Amino acid sequence: MDILNGFYILNSCENTGEGTYSAMITLDPAHQIFSGHFPGNPVAPGVCMMQIVKDVTERILERKLFLTSANNVKFMAIINPDATPVLKLDLDIKSDGEQVKVKNVTSFGETIALKMSVNYKFI
């Protein structure tokens, strides 16, 4: 089940080095989430952005994950899907077979919107 139900489209995901990936997504400005967050001034909810990072990591690893901790989560710019629907996610993924550590930087153009480090376990 897609928990975000059409909130975004994964346009591409490329391996850029050992454990590093670059993904491009497009947010759907017409998605119902934006009607409530916020009417007339849509903003991508932070929790949705965190879910996108998890979704993309699951696609890369081809395994389901469960978030165990999030560190240094910094929302640095507002993501307005009308103005900047295309986002780049740079992911650094390390796994020891049981746990997965992901460092993420999400940006649009030259603007960094989100930085975070998260830990998942395989389920």
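Computed from a predicted structure; not experimentally measured.
- Following chains of ILVMFWY side-chain contacts shorter than 4.5 Å, one can reach Leu67 starting from Ile93, so the two form part of one hydrophobic cluster.
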Exercise for review: Just do the side-chain contact (heavy atoms from CB on, under 4.5 Å) check on Leu87 and Met49 with the steps written out, would you?
Suggested key: CA-CA 10 Å; Leu87 304 173; Met49 296 309 303; 3.5 Å; yes
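- Using a 4.5 Å heavy-atom threshold, the side chains of Thr57 and Asp55 count as separate.
- Between Leu91 and Thr20 the shortest side-chain heavy-atom distance does not fall below 4.5 Å.
- Under the 4.5 Å side-chain criterion, counting only non-hydrogen atoms from C-beta, Phe75 is not in contact with Pro45.
- Here the OH atom belonging to Tyr21 is positioned 4.5 Å from the CG atom belonging to Asn15, to the nearest 0.5 angstrom.
- Atom OG in Ser117 sits 9.0 Å away from atom NZ in Lys74 (nearest 0.5 Å).
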Review point. Does the pair Val102 and Tyr120 meet the rule for a side-chain contact (heavy atoms from CB on, under 4.5 Å), with working shown?
Key: CA-CA 8 Å; Val102 179; Tyr120 304 105; 3.7 Å; yes
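- Inter-residue side-chain proximity for Asn119 and Asn71 is flagged as met; some heavy-atom pair is nearer than 4.5 Å.
- Pro29 approaches Phe34 most closely through the heavy-atom pair O-CD1, 3.8 Å.
- Taking all atoms of both residues into account, the shortest heavy-atom contact from Met76 to Ile112 is CB-O, 3.5 Å.
- Taken to the nearest 0.5 Å, the CG atom of Leu114 stands 8.0 Å off from the CE atom of Met50.
- Nearest heavy atoms, Pro81 versus Pro42: CD-O, 3.6 Å.
- Two residues are said to be in side-chain contact when any heavy atoms from C-beta on lie closer than 4.5 Å; Asn104 and Val56 fail this criterion.
- Taking 4.5 Å as the limit, every side-chain heavy atom of Val43 sits out of range of all side-chain heavy atoms of Ile79.
- For the pair Met116 and Val53, the minimum side-chain heavy-atom distance is below 4.5 Å.
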**Study point:** Cys13 vs Ile60, side-chain contact (heavy atoms from CB on, under 4.5 Å): CA-CA, chis, key distance, verdict
**Key:** CA-CA 8 Å; Cys13 185; Ile60 291 166; 3.7 Å; yes
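- A side-chain hydrogen bond (donor to acceptor under 3.5 Å, both in side chains) check over residues 83-102, counting only residues at least two apart or in different chains, returns the pairs Ser22-Asp90, Asp92-Lys94.
- Looking at Lys54, its side chain does come within 3.5 Å of a backbone N or O of Leu65 through a donor-acceptor pair.
- Here the closest non-hydrogen pair linking Val86 and Met24 is CG1-CE, 3.7 Å.
- Put simply, the side chain of Glu58 does not reach to within 4.5 Å of the side chain of Leu61, judged on heavy atoms.
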Check your understanding: Could you walk me through whether Ser107 and Thr111 pass the side chain to side chain donor-acceptor pair (under 3.5 Å) check?
Key -> CA-CA 5 Å; Ser107 58; Thr111 302; over 6 Å; no
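- Taking all atoms of both residues into account, the shortest heavy-atom contact from Ala23 to Leu10 is CB-CD1, 4.0 Å.
- Note: Tyr8 OH to Leu27 CG = 10.0 Å, rounded to the nearest 0.5 Å.
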Exercise for review: Might you work through the side chain to side chain donor-acceptor pair (under 3.5 Å) test for Asp28 and Thr26, ending with a clear yes or no?
Suggested key: CA-CA 7 Å; Asp28 178 2; Thr26 301; over 6 Å; no
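- Counting heavy atoms of neighbouring residues, nucleotides and ligands inside a 6.0 Å radius, atom CD1 of Ile78 does not exceed 12 of them.
- Counting non-hydrogen atoms of neighbouring residues, nucleotides and ligands closer than 6.0 angstrom, the CG atom of Leu4 exceeds 12 such neighbours.
- With rounding to the nearest 0.5 Å, the separation of CG in Leu89 from OG1 in Thr106 is 3.5 Å.
- Cluster annotation: Ile3 and Ile33 are assigned to the same hydrophobic cluster (Ile/Leu/Val/Met/Phe/Trp/Tyr, side-chain heavy-atom contacts under 4.5 Å, transitive).
- For Phe122, the CZ atom is densely surrounded, since the number of other residues' heavy atoms within 6.0 Å is greater than 12.
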